[in-house]
Amino acid sequence: MSEFDLLISSPVKKLFEGRAGSVTLPGKSGRFTILARHAPLLALLKSGQIKVEAAGGGQSFAIERGFVEAHDNKVSVFVRTRPAALE
């Protein structure tokens with residue numbers, strides 16, 4: 001599986017930083033998945049779940065809103081998490 005660099009961060013802490021095979025996000029216009037070598041992208045995110053698939057297994061994060069930027073095989077996701085996700 002091809003991988004890309006992924007960073008998921010909130011104002012409080014980094015939620016994920018490392019290599020991933022895919023990330024599925026709750027976009028304003030619907031859910032979408034980013035894979036390695038995705039075309040450049042900037043998108044708004046709505047409340048929902050981010051799902052990360054990486055070599056070490058899958059993880060998910062509940063978010064309220066945010067945005068994602070993808071370019072040069074790097075994906076950065078900046079979010080406001082739901083309060084329960086910070087506990």
> Is there a path of hydrophobic side-chain contacts, each under 4.5 Å between heavy atoms of I, L, V, M, F, W or Y residues, that connects Val23 with Leu44?
Replying inline: no
>> Taking salt bridge (charged side-chain N to carboxylate O under 4.0 Å, His left out) as the cut-off, I'd like each qualifying pair that reaches into residues 16-30, sequence neighbours left out, listed once.
In response: Glu3-Arg19, Asp5-Arg19, Lys14-Glu17
> Nearest heavy-atom pair of Pro26 and Ile50: which atoms, and what distance?
Replying inline: CD-CG1, 4.0 Å
>> Taking side chain to side chain donor-acceptor pair (under 3.5 Å) as the cut-off, I'd like each qualifying pair that reaches into residues 30-48, sequence neighbours left out, listed once.
In response: Ser2-Arg37, Thr24-Thr33, Ser47-Arg82
>> Give me each pair satisfying salt bridge (charged side-chain N to carboxylate O under 4.0 Å, His left out) with a member in residues 64-81, each pair once, sequence neighbours excluded.
In response: none
> So, for Val52 and Ala20, which heavy atoms are closest and what is the spacing to 0.1 Å?
Replying inline: CG1-CB, 4.1 Å
> Would you say Val79 and Phe61 are hydrophobically clustered, going by side-chain heavy atoms of ILVMFWY under 4.5 Å?
Replying inline: yes
>> Measuring only between side-chain heavy atoms, which start at C-beta, is Val68 closer than 4.5 Å to Ile34?
In response: yes
> Is there side-chain contact between Phe16 and Leu6, with at least one heavy-atom pair below 4.5 Å?
Replying inline: yes
>> If hydrophobic clusters are built from ILVMFWY residues whose side chains come within less than 4.5 Å, do Phe32 and Ile8 share one?
In response: yes
>> Phe78: which residues meet the ring pair (Phe, Tyr, Trp, His ring centres under 6.0 Å) condition with it, sequence neighbours left out?
In response: Phe67
> Quick one: CG on Leu25 to OG on Ser22, what's the gap to the nearest 0.5 Å?
Replying inline: 9.5 Å
>> Go through it in stages, so that I can follow the logic: the residues are Val77 and Ile63, the test is side-chain contact (heavy atoms from CB on, under 4.5 Å), and I'd like the CA-CA distance, side-chain angles, deciding distance and then a yes or no.
In response: CA-CA 11 Å; Val77 185; Ile63 67 164; over 6 Å; no
